[in-house]
Number of protein chains: 2
Amino acid sequence: MVKPVVVRNLHGQVVQELGRLIVGGEIAPGQNLPREELLAERMKVSRTALREAMKVLSAKGLIESRQKTGTRVRDTLHWNQLDADVLAWRCASMPTDDFVDKLVEMREIIEPAAAAAAARRRNPDQLDRIEAAYEAMAASNDREEWSVADLAFHEAVLHATHNELMISLFAVIETALGSYLALSALKASDFKYSLPHHKKVLDAVRRRQPEVAREAMQKMVADSRSNIRRHAKKA
Amino acid sequence: MVKPVVVRNLHGQVVQELGRLIVGGEIAPGQNLPREELLAERMKVSRTALREAMKVLSAKGLIESRQKTGTRVRDTLHWNQLDADVLAWRCASMPTDDFVDKLVEMREIIEPAAAAAAARRRNPDQLDRIEAAYEAMAASNDREEWSVADLAFHEAVLHATHNELMISLFAVIETALGSYLALSALKASDFKYSLPHHKKVLDAVRRRQPEVAREAMQKMVADSRSNIRRHAKKA
DNA sequence: GCTGTACATTATGTAGTACAAATCATACCC
DNA sequence: GGGTATGATTTGTACTACATAATGTACAGC
């Protein structure tokens, strides 16, 4: 279930390595990186590969290079916080669950709004897809199956909004959250606990009742939050 | 007021050029780019510069290259929609105001939630900053001054949420919207029209009343939307 | 002693060549 | 006819050389 992050390219590895260092705070904002030639040698790669990696990090807003001055880590203000990699690096390097709270907060903002939008704009195909995901959840036999179907449900709702910005945001937040812990991880016993909530959302979307859908989704994610909190405390 | 987008680097120019082509739809998803050597020659840059540009586009999810297969444009599903550049390219290439609606929808989701969060978590400094922005709005003499103070107000509220993900999202959405039209562009006459709304938000944040703040902000952005719609129709 | 200009220094930026690695297509052998 | 070998093609990596920009310093002039 953990994301693979398998990078075949060499520069991709360099990106990961440097990205982790920077986001993890080992190279602080304002600080300069070693010169390219030196850093390349130290990392056992060619300057070419290193530079391609630096361009990527630069695109993510993490660093900024200028001639003669060198390459320096930019202030966190300029970081592309919504970039999947940046988010993943933060998740990997923040022991505190303060960051989880922020992710959860975002989720609680997006999902109810998405449910409302979906209820307004969904087309028959999209409704079918949501329903199919619901059925799969209901029919699931273990937590693994349920998780997959659950994710499909939320994705289907998001897609029904017809707003790719929202879809993209959800994707980013969700994968980041997922990397922390099996998302809606009720311990074994009662993993279908939230099925009725999903049913309410489904029905509201079917009947095109935005406000009902919003409220149902809101309750659902609020529940999920308290579960995550409980789970996080244990760990 | 229009963003400069001045890129000194050569590969930066290539990124812009190719990015526009791809997001603008001139090179459709699934389609292959010419081989590096050929494309480099055609764009009058070295393969080195071209490759650095391609790595950036790859990081934005626009393209994907594999040996022998070549480099192909990925499906829009994989695009990093929340990337500032990608968003800017879309804004530049979409005559339809369908996209503005999506941006506005995002704004209407974020801002009320942000106002509520700010009311909950703001500290004295942040309240001061919001208040200062409000005073500047009240004291403004023309639309230009007012716009600047208005933006400062919203930024101050966002910062008071203590959630950098939300701040980042707002920044991205707002600049994209701003590139379309002077944001809350009431025509000359009555540019302070929304001042009372802002006052309500300010007061609610001061008194730490999340729900009041949310509702006030919601009305404000809803108003703003109808103005934008009216404005867009004219143009 | 102060200031302004010229130059040397040093980092990144760009170009070009050579070869490695992967993968697709074809031909070949069993 | 099917599986395997081989060759061709495209990206991946390395290395070299030089261009360009920006910084600091030294020197000349006032």
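- Heavy-atom nearest nucleotides on DNA chain D were determined for Arg8(B) and for Glu52(A), and the one closer to the 5' end corresponds to Glu52(A).
- Rounded to an integer number of Å, the gap from CD of Glu64(B) to P of dT10(D) is 18 Å.
- For the pair Lys55(B) and dG12(D), the criterion of a side-chain N or O lying under 4.0 Å from OP1 or OP2 is met.
- Glu164(A) and Trp79(B) share no side-chain donor-acceptor pair at under 3.5 Å.
- Comparing Arg66(B) and Val45(B) by the nucleotide of DNA chain C that holds the closest heavy atom to each, the one mapping nearer the 5' end is Val45(B).
- Between Leu165(A) and Leu87(B), the closest side-chain pair of non-hydrogen atoms falls below 4.5 Å.
- When distances are taken from the side chain of Glu36(A) to each of dG13(C), dT11(D), dA14(D), the shortest belongs to dG13(C).
- Taking only side-chain nitrogens and oxygens, Thr71(B) never comes nearer than 4.0 Å to OP1 or OP2 of dT10(D).
- Dashed line: the shortest gap from a side-chain N or O of Thr48(B) to OP1 or OP2 of dG16(C) is not under 4.0 Å.
- The side chain of Lys68(A) has dT10(C) as its nearest neighbour among dG16(C), dT10(C), dT10(D).
- You'll find the ring centres of His159(A) and His154(A) outside the 6.0 Å limit.
- The distance from atom CD of Glu41(A) to atom C1' of dA14(D) is 14 Å, rounded to the nearest whole Å.
- To the nearest 0.5 Å, the span separating CD1 on Ile63(A) from OG on Ser58(A) amounts to 5.5 Å.
- One donor-acceptor pair, N or O on each side, does fall under 3.5 Å between the base of dA21(C) and the side chain of Gln67(B).
- A donor-acceptor contact under 3.5 Å links the side chain of Arg47(A) to the base of dG13(C).
- Considering only side-chain atoms of Thr69(A), the nucleotide from dT23(D), dT11(D), dA15(C) that sits closest is dT23(D).
- For the OP1/OP2 pair of dG13(C) and a distance below 4.0 Å, the side-chain nitrogens and oxygens of His11(B) include no atom meeting the criterion.
- The nucleotide whose nearest atom lies closest to any side-chain atom of Ser46(B) is, among dT11(D), dT12(C), dG16(C), dG16(C).
- Side chain to side chain, Arg51(A) and Thr48(B) fail the donor-acceptor criterion of an N or O pair below 3.5 Å.
- Base contact: Arg51(A) has a heavy atom under 4.0 Å from a base atom.
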